[in-house]
Enquirer: 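Below: one structure in structure tokens.
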Amino acid sequence: MQFDHARGFTPLRHYLYLHRCLRARTATALDFWDLLLARADPSTGLSGLHIGRDVTASRILSRPTFYKLMHQAEASGLIRRWQGDALADGPGHGEYLVELTPWPPEQAFCKPLAYVREKWLQAVRGLAAKQVLNLFHLILTQDPLCSADGSPRLFVSDLRRASGSVLGQALSHHALRAALANLAELGLVTAHESGGLRRYALNSGAFDTRAPSREEIAAEVARLAGLKPDKDAPWIRLLADFVEIGGHRLREIPAIYRHLLSMHPLIATERDLEALRANLRQRIPWRSTAYRVVLDDFVRERRSVRQVQQVRSQRVRLRFGAHSIVGETLQWERDRWQGPVSAMLRYEVQRTRPAHPDAGEGDEVWPQIFLWRQGSMIPLEVPLTGSGLSAQRLRRLDLTRWLRGLTPGEPVSLAAALPRPATGVCIQAVVSLGVRV
């Protein structure tokens with residue numbers, strides 16, 4: 001199959017993807033073929049990749065992974081090293097030039113060059129999502145009634161049948177729905193409902209725009225987790241990695257953030273967060289990047305190499321009623337421990353809605369949080385005003401500096417204050433101590 005100029009498939013906008021490359025079993029292998037085929041010369045079958053500029057700079061393929069996949073492709077006879085004189089000077093420094101065999105391809109379909117150029121290759125994460133995109137482009141190329149700007153609307157069952165015949169193994173309905181939800185969140189697939197049935201279509205025009213940059217992802221991560229870029233940069237970097245590298249959706253960020261906070265004090269300091277980022281990057285592409293698996297493995301490795309501090313936690317519930325100040329004494333187990341090495345407060349502010357649907361909610365206020373110790377009331381959080389208090393928001397405060405030298409029997413209290421009495425406002429909190437024993 002060659003380019004169909006009448007239908008808008010041209011070498012300036014598309015590249016040929018070979019049918020024999022569809023059955024790659026890892027997302028990294030599919031990325032390898034996209035990188036290689038997008039740079040192939042349609043007339044000669046020669047493809048050149050610069051190791052630094054095109055491979056490692058993409059942050060998808062490491063140099064060892066690239067050479068491993070290249071060796072596997074050579075061993076299978078799909079490519080061979082360039083040995084002719086098509087280039088006057090031969091490959092330059094860092095250039096890896098290969099010839100795809102056989103060429104021209106007898107079976108191929110068109111994919112937009114923007115998929116690689118506009119960084120969508122990095123934005124689409126996961127094997128199933130990449131396979132679904134390939135199926136859409138394959139069907140689009142084969143359907144004579146479709147142009148490059150249109151796409152047939154397919155049911156999940158249609159995609160499952162296509163995956164069985166093309167990939168050799170039918171994708172499960174669960175994997176297809178998860179992949180389609182991921183692609184829809186990126187705007188690459190649109191859903192159409194009619195008569196209670198949902199069909200999906202490829203949004204070909206979306207590839208002409210730039211994929212979300214890391215800065216845009218980090219800004220959205222900070223908003224979803226309620227983090228501040230100036231104070232919480234290490235947390236934002238880690239959560240952005242779970243999206244950009246781990247393949248998680250943005251809507252999963254609050255759950256990942258909660259899980260991270262629940263692992264205090266094993267994951268508490270900036271050094272811990274950077275170590276976890278390095279661990280996540282090293283897992284690509286051969287180990288699972290599901291956040292629960294990553295975190296559990298990370299904690300298990302830490303516990304195997306060093307003695308971990310024990311954790312003392314206490315749940316606190318502060319409910320405002322007739323008083324504008326509420327508090328509760330923190331009491332940990334009176335066993336032996338030498339003192340806290342880290343301390344963290346995690347809390348949510350909740351506000352119940354009025355019982356009558358027509359009743360006004362009044363002005364929303366954010367409570368001021370205090371820590372009482374040794375006769376002093378220490379302010380911990382600046383109160384906020386405005387909208388948004390109705391929704392639950394998880395917030396994190398580092399108490400380590402305020403609880404240094406704490407002994408098991410020393411009285412400490414957590415308090416909160418509102419500028420005026422208000423009913424229906426409640427603070428759910430957990431105070432965690434990482435202690436030496």
Side-chain angles (χ1 to χ4, degrees), residues 221-228 231-232 235-236 239 251-268 291-292 295 310-333 340 342-355 359 361-373 377-403 406 411-435:
V221 162
R223 186 189 68 83
L224 291 171
L227 299 173
K228 300 177 181 178
K231 295 173 55 179
D232 304 311
W235 291 89
I236 295 174
L239 292 171
R251 64 187 183 191
E252 295 180 272
I253 287 300
I256 299 174
Y257 185 49
R258 290 171 184 270
H259 199 93
L260 281 167
L261 294 183
S262 70
M263 306 187 79
H264 178 270
L266 296 172
I267 302 175
Y291 76 90
R292 292 184 182 276
L295 296 179
Q310 293 187 13
V311 182
R312 298 291 181 268
S313 298
Q314 180 175 341
R315 295 186 177 273
V316 181
R317 188 178 187 184
L318 305 178
R319 181 183 294 277
F320 289 92
H323 302 284
S324 59
I325 299 178
V326 293
E328 183 174 329
T329 301
L330 304 177
Q331 297 178 344
W332 292 279
E333 299 177 9
S342 61
M344 181 182 292
L345 167 67
R346 310 189 304 276
Y347 72 94
E348 290 178 343
V349 178
Q350 304 170 6
R351 182 181 181 182
T352 58
R353 296 186 178 276
E361 294 188 2
D363 295 333
E364 295 184 340
V365 291
W366 191 274
Q368 172 93 52
I369 307 296
F370 296 91
L371 189 70
W372 183 90
R373 184 189 178 196
M377 194 71 79
I378 306 167
L380 299 177
E381 180 75 306
V382 177
L384 304 176
T385 58
S387 61
L389 186 58
S390 301
Q392 297 185 9
R393 292 184 61 195
L394 182 67
R395 299 181 69 84
R396 166 186 53 83
L397 292 173
D398 188 353
L399 304 183
T400 306
R401 60 180 296 196
W402 307 114
L403 295 182
L406 182 71
V412 179
S413 297
L414 186 69
L418 289 175
R420 60 184 179 277
T423 59
V425 178
C426 177
I427 299 176
Q428 301 276 10
V430 177
V431 181
S432 301
L433 293 180
V435 300

Enquirer: For the residue pair P411 and W372, what are the closest heavy atoms and their distance?
Expert: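 Taking P411 first and W372 second, the nearest heavy atoms are O-CZ3, 4.0 Å.
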Enquirer: Show the numbers, then the answer: is there a side-chain contact (heavy atoms from CB on, under 4.5 Å) between W402 and V412?
Expert: CA-CA 11 Å; W402 307 114; V412 179; over 6 Å; no
Enquirer: How long is the straight-line distance from NZ of K231 back to CG of D398, given to the nearest 0.5 Å?
Expert: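 These two atoms lie 10.0 Å from each other.
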Enquirer: Locate the shortest heavy-atom distance separating V430 from R315; write the atom from each residue and the value.
Expert: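 It is CG2-NH1, 3.4 Å.
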Enquirer: Of all heavy-atom pairs between A222 and I236, which one has the smallest distance, and what is that distance?
Expert: CB-CD1, 3.7 Å
Enquirer: Quick one: salt bridge (Lys or Arg N to Asp or Glu O under 4.0 Å) partners of D232, sequence neighbours excluded?
Expert: R396
Enquirer: Please lay out, stage by stage, how L239 and L227 fare under the test side-chain contact (heavy atoms from CB on, under 4.5 Å).
Expert: CA-CA 11 Å; L239 292 171; L227 299 173; 3.8 Å; yes
Enquirer: Walk me through whether V326 and I427 qualify under side-chain contact (heavy atoms from CB on, under 4.5 Å).
Expert: CA-CA 10 Å; V326 293; I427 299 176; 5.9 Å; no
Enquirer: Give, for atom CD1 of I253 and atom OH of Y291, the distance between the pair rounded to the nearest 0.5 Å.
Expert: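 Separation between the atoms: 10.0 Å.
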Enquirer: Are the side chains of I325 and F370 in touch, meaning some heavy atoms are under 4.5 Å apart?
Expert: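 With C-beta onward as the side chain, the pair stays apart.
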Enquirer: Could you state the interatomic distance from CG (L295) to CE (M263), rounded to the nearest 0.5 Å?
Expert: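 That separation rounds to 5.0 Å.
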Enquirer: If you compare all heavy atoms of T329 against all heavy atoms of Q314, which two are closest, and at what distance to 0.1 Å?
Expert: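 So the minimum-distance heavy-atom pair works out to O-NE2, 3.3 Å.
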Enquirer: Are Y347 and L397 side-chain neighbours, meaning at least one heavy-atom pair lies under 4.5 Å?
Expert: yes
Enquirer: Please walk me through it: do L371 and L403 pass side-chain contact (heavy atoms from CB on, under 4.5 Å)?
Expert: CA-CA 10 Å; L371 189 70; L403 295 182; 3.7 Å; yes
Enquirer: How close do L318 and A415 get, counting heavy atoms only, and between which atoms?
Expert: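 In terms of heavy atoms, the two residues are closest at CD1-C, 4.3 Å.
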